[in-house]
Amino acid sequence: MILGEIFRVALESIRVNAMRSFLTMLGIIIGIAAVITMVSMGVGARERVEEQVRSLGTTTLTIRPAQLFFGGVGRGVSWLTPEDAEALRRAGGPIRAVAPEMEGRYQVQYGEANSNLDVLGTWPSYFDIQRHSLAAGRLFTEGEERGRRRVAVLGASVAGELGLADGGQLMDQTVSIGGVSFQVVGILRPKGAVGFMDPDDTVFIPFTTAQFRVFGNDRIRAIYVEAAGEAEMGPALIEIDRVLRREHRLRPGAESDFSVRDQSALVATFQQTTQTLSYLLAGISFVSLVVGGIGIMNIMLVSVTERTREIGVRKALGARRRDILLQFLVEALVLCLSGGALGIGLGALAGVLLQRFAGWNATVVPEAVALAFAFSAAVGLFFGIWPARRAAALDPIVALRYE
């Protein structure tokens, strides 16, 4: 049999049993679609995390209080103070900017509307360190921060939380925060949630105003430090450690009562986590491909049994063993490649739908498409060999006598 005739016979056999062929391909279709969708979601999640970390600044260092232990038993959490932030600001050198952060949830009221929102007290430098930009108005100034002025900058979603369609309606208006009146001087552009905090739902006020008029304490949740450049990250870490150990009067060799985290370590952790999750989900999806391949092998074995007399006729007319082998291999390969093509289309469509309607980041990776398609071809060859060999090994006389 010539090659063209082999392909024609194989395709005709698939066409005659179209419904059975489709059901046979279904395992491959679902497996390929699942692989592409899972890998796309994993890559999209990694890109989203990288984007969020870049929005925080790659030269930003975050200082937080550390858990204190005595004799292996936890004895509370240390606290950072405004004096720590002032000392870091005076240090200069590799440190370009510093901003302390006090945070709490308070009732924010405008007119008859009110909502329980995050209120964050900080210095004006905070907005530059965290890469915030204005949609309207202005930021509060150093003079307003030192003078404990009651001014506020609102996140992009605060107006919506207060029942307003347009954030601009709050510009130069007065809102009540924990019973204290504040004048709105600025509205920030949307930024999106970062970790467990959403700056879009946050009200920003001057640090000293928060300390003396709203919170009534000086407990700082975090201090953000921006290094002078990526090359200065190491020296900045050393300077932070030196300044804070001096401020906290820690003896040489004593354990630090604060922790410092840089964004590069955070992004590396998230990347590793999302990559591991992507591999896990893709591995689970590949199992369905193997199951689909077993289904193809079963159907091909049934096909060999059903077409025993046909095989005997072809052999009697001169078909060689390799012709019969190739015919059944082609059938298995066409089933898998057709299922692979449909699965690729379904997986790409699922990624687009997830991104559009569910808001998930899903980036279709060409390498994943190529790998899934190659794997479907390998499944066709691997699980098609046994049925093809069984068909090719049939004795023509026995095959012709088969009922």
- Shortest non-hydrogen contact between Q169 and Q173, atoms and distance: O-CG, 3.2 Å
- So do L139 and L188 actually touch side chain to side chain, heavy atoms under 4.5 Å? yes
- Just how far is it from atom CG of L162 to atom CG of L170, taken to the nearest 0.5 Å? 6.0 Å
- Message: Donor-acceptor pair, distance only, cut-off 3.5 Å: does the side chain of R96 make one with the backbone of A227?
- Response: no
- Query: Taking the side chain from E255 and the backbone from D257, do they hold a donor-acceptor pair closer than 3.5 Å?
  - Reply: no
- Verify, without hydrogens or angle tests, whether D128 (side chain) and S125 (backbone) share a donor-acceptor contact under 3.5 angstrom. no
- Item | Mutual orientation of the aromatic rings belonging to H132 and Y126 [parallel < 30°, tilted 30-60°, perpendicular > 60°] | parallel
- Query: Any donor and acceptor pair, going by atom type alone, linking the side chain of S157 with main-chain N or O of D201 inside 3.5 Å?
  - Reply: no
- May I ask you to decide if R261's main-chain N or O and R64's side chain share a donor-acceptor pair within less than 3.5 Å? no
- Message: Keeping T209 on the side-chain end and R149 on the backbone end, is there a donor-acceptor pair under 3.5 Å?
- Response: yes
- Message: Any non-hydrogen side-chain atom of V203 less than 4.5 Å from a side-chain atom of D118?
- Response: no
- Message: Using a 3.5 Å distance criterion without hydrogens, assess whether the side chain of R213 forms a donor-acceptor pair with backbone atoms of R148.
- Response: yes
- Strictly by modelled atom types, are R245 and S256 linked by a side-chain donor-acceptor pair under 3.5 Å? yes
- Query: Quick one: does R131's side chain have a donor or acceptor within less than 3.5 Å of a partner on I129's backbone?
  - Reply: yes
- Side chain of E232, backbone of G229: donor and acceptor closer than 3.5 Å? no
- Message: Less than 4.5 Å apart, side chain to side chain, heavy atoms only: is that true for T174 and R150?
- Response: no
- Message: For the backbone of T122 and the side chain of E145, can you confirm whether one donor and one acceptor N or O come within less than 3.5 Å of each other?
- Response: no
- Task: Could you tell me whether the side chain of F207 reaches within less than 4.5 Å of the side chain of I220, counting heavy atoms only?
- Result: yes
- Task: Mind running ring pair (Phe, Tyr, Trp, His ring centres under 6.0 Å) on F215 and Y106 for me, showing each step along the way?
- Result: CA-CA 10 Å; F215 294 174; Y106 287 86; 5.3 Å; yes
